[in-house]
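Reviewing the structure listed below.
Because only heavy atoms are used, hydrogens play no part in the values below, and waters and symmetry mates are left out as well, while side chains stay in. Reminder, nothing fancy here: chain letters follow the sequence lines and each chain counts from 1.
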Amino acid sequence: MAKEKKVEQITDMEQDFAQWYTDICLKAELVEYSSVKGFTILRPYGYAIWEHIQRIMDGEFKKTGHENVAMPVLIPESLLKKEGELVQGFAPEVAWVTMGGGEKLEERLAFRPTSETMFCDHWSRVLHSWRELPMLYNQWCSVVRWEKTTRPFLRSREFWWQEGHTIHETAEEAQKETEQQLNCYADFCENVLAMPVVKGQKTEKEKFAGAEATYAIECMMKDHKALQSATSHYFGDKFSRAYGVTFAGRDNSLQYPFQTSWGSTTRLIGAVIMTHGDNNGLVLPPQIAPIQVIVVPVAQHKPGVLEGAQDLCDRLQKAGLRAKLDQSDNSLGWKCAQYEMKGVPLRVEIGPRDLENGQCVLVRRNDGEKTVVKLEEAETAARVQLEAVHAALYQKAKQNLEEHIYAAYSLEEAKQLQQEKGGFIKTMWCGDEACELQMKEQAGMSSRCMPLRQEHLSDVCPICGKPAKTMVYWGVAY
RNA sequence: CCGGGCUUAGCGAAGUUUGGUAUCGCGCCUGGUUUGGGACCAGGAGACCGUGGGUUCAAGUCCCGCAGCCCGGACCA
């Protein structure tokens with residue numbers, strides 16, 4: 001028995017977390033590797049998860065007045081080069097198109113690694129007056145960055161994302177937008193993905209190339225490594241100036257608008273896998289699960305069972321749940337294992353005995369808890385159980401996060417805590433990049449963020465002993 | 001990009017040392033019996049052995065190049 005199971009089995013996360021992750025990506029049929037390194041195929045089940053993320057997040061963006069647009073995938077080199085810092089930051093990982101129709105191009109074209117330049121170029125032509133501001137744009141697309149080491153969802157050479165780009169009349173307004181979108185991501189992670197986050201600002205070293213300030217949400221995975229799950233940048237008028245984006249102000253003077261950009265990617269799916277998954281496979285938060293309820297008939301050849309199961313499934317669908325009936329002739333055990341592996345949050349079992357008693361059995365994916373409910377109450381009961389799954393996932397993830405944040409008061413202590421416990425190590429910091437590099441060299445950790453919710457741990461930087469300015473969370477990141 | 005390992009059917013492997021035209025399990029297809037936690041029987045299909053060159057009468061096997069995957073390190077959503 002044990003031997004036959006081998007093929008479908010998923011490596012235990014305690015034994016090899018990286019392999020566990022890869023197993024889930026492949027065996028839950030989220031992705032397939034393509035023939036070009038670092039380019040992955042999102043399979044129907046994986047893409048459906050992304051579609052739910054898109055649908056819900058897009059709705060949130062629209063609530064605050066954002067509009068979707070589509071920008072070209074290719075950027076002329078001369079255009080990309082106009083903003084020095086951005087080019088420097090991205091140069092090592094830009095892919096270039098040098099030929100077109102068999103002829104060498106006059107100017108090479110970059111595959112967009114991000115679209116600030118295209119938005120600025122566009123705005124430089126269409127913006128005229130303060131009355132047209134703000135412009136609140138977003139686009140859903142894929143971008144290309146020539147990464148050296150690649151992993152599905154976490155780091156690939158092409159990835160799917162949304163990038164919001166906005167311009168505003170005043171700095172204050174743009175700063176407010178930056179903050180609003182950071183909060184939007186944090187709320188999305190908590191309310192939809194059941195992932196608690198740490199909101200914070202990136203250090204100078206870690207911030208986005210060309211930004212004046214970068215904010216991010218950091219999540220903690222089950223192996224206690226950190227994963228940056230979304231970012232929000234404030235640009236000031238730096239790009240406006242570089243690209244000549246101007247408008248006539250209220251006093252008729254020529255002004256530069258203030259700009260933001262913010263993004264989140266299919267990496268969120270990787271975050272979900274490593275936040276909620278277990279040794280039986282994927283565990284999906286109900287709101288983004290392609291199948292929320294799987295109806296499994298028991299002894300389906302017996303009279304009335306299949307009909308009863310179909311009936312129940314129809315009713316769940318009518319109630320607005322994404323329900324599916326599996327009437328294949330695979331065994332019950334196979335079906336249970338299969339949908340557990342695919343992370344379906346709720347399973348409903350219905351067999352001859354249930355039909356006799358006018359009931360069905362609801363089984364939660366996250367903890368295997370079974371609840372017997374009356375058939376006529378199935379819709380409500382399913383909804384209640386799905387909410388319970390979300391709440392339990394969030395609680396467990398929150399506990400994982402909170403239990404793995406440690407304060408350190410010396411470099412040695414920080415190093416030791418990281419080695420023994422992992423997670424986020426919080427210390428005070430003087431603000432010098434030299435100390436950041438020290439931490440990386442000595443303790444193997446990079447600064448994750450300066451949390452918006454600051455604490456005063458001590459007066460000095462534990463690395464150099466100089467007066468401390470802020471508290472920083474350090475960690476090993478994906 | 002640097003170091004190590006790997007690549008044989010959809011998946012997992014044997015065969016490579018000692019060259020002779022590919023084997024097994026799972027999965028898949030057909031029929032039947034089954035179904036309260038990965039069922040069973042019978043029959044069947046499926047592989048130019050990652051790719052390009054070389055050595056040889058003969059290459060999955062030996063030699064050289066390249067690509068891809070995995071694990072570390074340096075770089076980044």
Nucleotide-resolved protein contact map, nucleotides 68-75 of chain B, B/S/- at heavy-atom distance under 4.0 Å: SSSS-BB-
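- Checking G25(B) for Watson-Crick or G-U wobble geometry (two distances, each under 3.5 Å) identifies C11(B) as its partner.
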Table please: side-chain donor-acceptor pairs of residues 471-478 of chain A below 3.5 Å, with sequence neighbours left out.
from    : atom 1 : to      : atom 2 : distance (Å)
W474(A) : NE1    : T427(A) : OG1    : 2.8
Y478(A) : OH     : D223(A) : OD2    : 2.6

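- The partner of G3(B) is C71(B), judged by Watson-Crick or G-U wobble contacts that both fall below 3.5 Å.
- Between F239(A) and W123(A), the gap from one ring centroid to the other reaches at least 6.0 Å.
- Residue contacts shown for T265(A) include a base, since a base heavy atom lies under 4.0 Å away.
- Look at C40(B): its Watson-Crick or wobble partner, with both distances under 3.5 angstrom, is G32(B).
- With centres under 5.5 Å and a plane angle under 30°, the ring of H301(A) is stacked against the base of U35(B).
- Looking at L86(A) and F208(A), their side chains come closer than 4.5 Å, going by heavy atoms from C-beta outward.
- With hydrogens and angles ignored, no donor-acceptor pair under 3.5 angstrom links the side chain of N330(A) to the base of G38(B).
- A gap of 11 Å separates the C1' atoms of C49(B) and U21(B), to the nearest Å.
- Note: W50(A) and F153(A) fail the aromatic proximity criterion, with ring centroids not under 6.0 Å apart.
- By the 4.5 Å heavy-atom criterion applied to side chains, H233(A) and Y215(A) are not counted as neighbours.
- With hydrogens and angles ignored, a donor-acceptor pair under 3.5 angstrom links the side chain of E340(A) to the base of G37(B).
- Nucleic acid contact for V143(A): none, since no nucleic acid atom lies under 4.0 Å from a heavy atom of the residue.
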